[in-house]
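What's counted below: heavy atoms across the whole structure, side chains too, no hydrogens, waters or symmetry copies. We number each residue from 1, following the sequence as shown.
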Amino acid sequence: MALTATAPETPAEFRSCLAPATGLRQLTVGLPHDPSSAGRARQIARERLAAWEIPQAEGLMDRVVLTISELMSNAIQHGAAGSNGASEITLSIRFLPGVALGVRVEDRSSVMPVLRESRPADAVDGRGMQLVASESTCWMAERLGEGRGKAVWAFFLCLSTCPPSAVCGL
C-alpha cells in the first residue's frame, strides 16, 4: 500500500523514516577497534543486504558497502580505543524497502568528521568523507554525549519499487 509523501531528502527526514517501525529491517553488530574489522563489516553488510534483497539499481549494494568500508576505516584510524584497547565500533544498518537505507558507524572518539575541499590527486588520505558524500544521498554526524563518542550516518534512497513521489508501506 502506498502512502502519499515525498521521498526523504535531509538527514533528519531519513532518520525519521528509518526509526523503528513495522517493516523496518535492521542489523546492529559490534566489531573490535582493529584494522580487520573493516573487512568483516564489508562481509557482514554484503551478506545481510543480499538476504534483504536490496534493489540492485545504480549499484546500490556496491555504494553502500564502499561507504561502510570508508566509515569503518575512519573509525579505526581516527576513533579512540578504550583504555584497554578493546572498545567496539558499532555498525548499524537500517532498511525500509521501497524507501531508504541508512548505515551508522559509532566509535568512542568525540572528534567530528570533516568534509574537506578537493584533495590533490597524489594525496594519500583526506578523501574519506568526500567519498561518503559522493556515494550516499546525504550524511550526518552526531555527538553521543560525554565520553560516549560519535556516530556517523550515511543515507541512501531505495525507491526502485515505488515512484519517487511515494513512500511505500508494507
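Looking at every heavy atom in both residues, Leu91 comes nearest to Ala41 through CD2-CB, 3.9 Å. Closest non-hydrogen pair, Val152 versus Pro113, comes out as CG2-CG, 3.8 Å. Across all non-hydrogen atoms, the minimal contact from Leu18 to Ala100 is CD2-O, 3.6 Å. Smallest separation of non-hydrogen atoms from Ile89 and Ala75: CD1-CB, 3.8 Å. Of all non-hydrogen atoms in Ser37 and Ile76, the two that sit nearest each other are CB-CD1, 4.2 Å. Contact record, Ala19 with Leu24: O-CD2, 3.5 Å, taken as the closest heavy-atom pair.
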Start with the C-alpha gap between Ile54 and Met61, add the side-chain angles, then the distance that decides, and say whether side-chain contact (heavy atoms from CB on, under 4.5 Å) holds. CA-CA 7 Å; Ile54 69 158; Met61 183 177 305; 3.9 Å; yes
Output, in order, the C-alpha distance, side-chain angles, deciding distance and verdict of side-chain contact (heavy atoms from CB on, under 4.5 Å) for Trp139 and Met129. CA-CA 9 Å; Trp139 69 277; Met129 293 313 296; 3.4 Å; yes
Verdict with supporting geometry, Leu71 and Val132, side-chain contact (heavy atoms from CB on, under 4.5 Å): CA-CA 8 Å; Leu71 292 176; Val132 170; 3.8 Å; yes
Going through the checks in order, is the side-chain contact (heavy atoms from CB on, under 4.5 Å) test met by Phe95 and Leu49? CA-CA 9 Å; Phe95 175 49; Leu49 296 174; 5.7 Å; no
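Counting heavy atoms from C-beta outward, Arg25 and Pro97 have side chains that approach closer than 4.5 Å. Put simply, the side chain of Leu31 reaches to within 4.5 Å of the side chain of Ile44, judged on heavy atoms. In this structure the side chain of Pro11 never reaches within 4.5 angstrom of the side chain of Trp153, judged on heavy atoms. Side-chain atoms of Thr90 and Thr28, non-hydrogen and from C-beta on, do get closer than 4.5 Å to each other. The shortest side-chain heavy-atom distance between Ile93 and Val64 does not fall under the 4.5 Å cut-off. When side chains are defined from C-beta on, Gln26 does not count as touching Ser92, because their heavy atoms never get closer than 4.5 Å. Counting heavy atoms from C-beta outward, Lys150 and Ser109 have side chains that approach closer than 4.5 Å. Leu60 is not listed as a side-chain neighbour of Gln56, based on a closest heavy-atom distance of 4.5 Å or more.
There is no path of hydrophobic side-chain contacts, each under 4.5 Å, that joins Met72 to Leu66. Connection of Val103 to Leu131 is not established within any shared hydrophobic cluster, with ILVMFWY side chains joined at heavy-atom distances below 4.5 Å, either directly or through further cluster members. Taken together through direct or relayed side-chain contacts under 4.5 Å among Ile, Leu, Val, Met, Phe, Trp and Tyr, Leu144 and Val111 form parts of separate hydrophobic clusters.
A donor-acceptor pair under 3.5 Å is absent between the side-chain atoms of Ser69 and the main chain of Val65, judged by distance alone. Distance alone, capped at 3.5 Å, is enough to place a donor-acceptor pair between the Thr67 side chain and the Arg63 backbone. Proximity of a side-chain donor or acceptor of Gln77 to a complementary backbone N or O of Ser73 within less than 3.5 Å is not detected.
Asp62 and Arg46 are joined by a salt bridge, as a carboxylate oxygen and a charged side-chain nitrogen come within less than 4.0 angstrom of each other. By the 4.0 Å N-to-carboxylate-O rule, Arg104 lies close enough to Glu142 to be salt-bridged with it.
Distance check, rounded to the nearest 0.5 Å: SG of Cys17 to CG of Leu101 gives 10.0 Å. If you take CE on Met140 and CE on Met112, they are separated by 8.0 Å, rounding to the nearest 0.5 Å. Gln130 contributes atom CD, which lies 10.5 Å from atom CD of Glu70 (distance to the nearest 0.5 angstrom). One distance of note links OG of Ser136 with CZ of Phe155; it measures 9.0 Å at 0.5 Å rounding.
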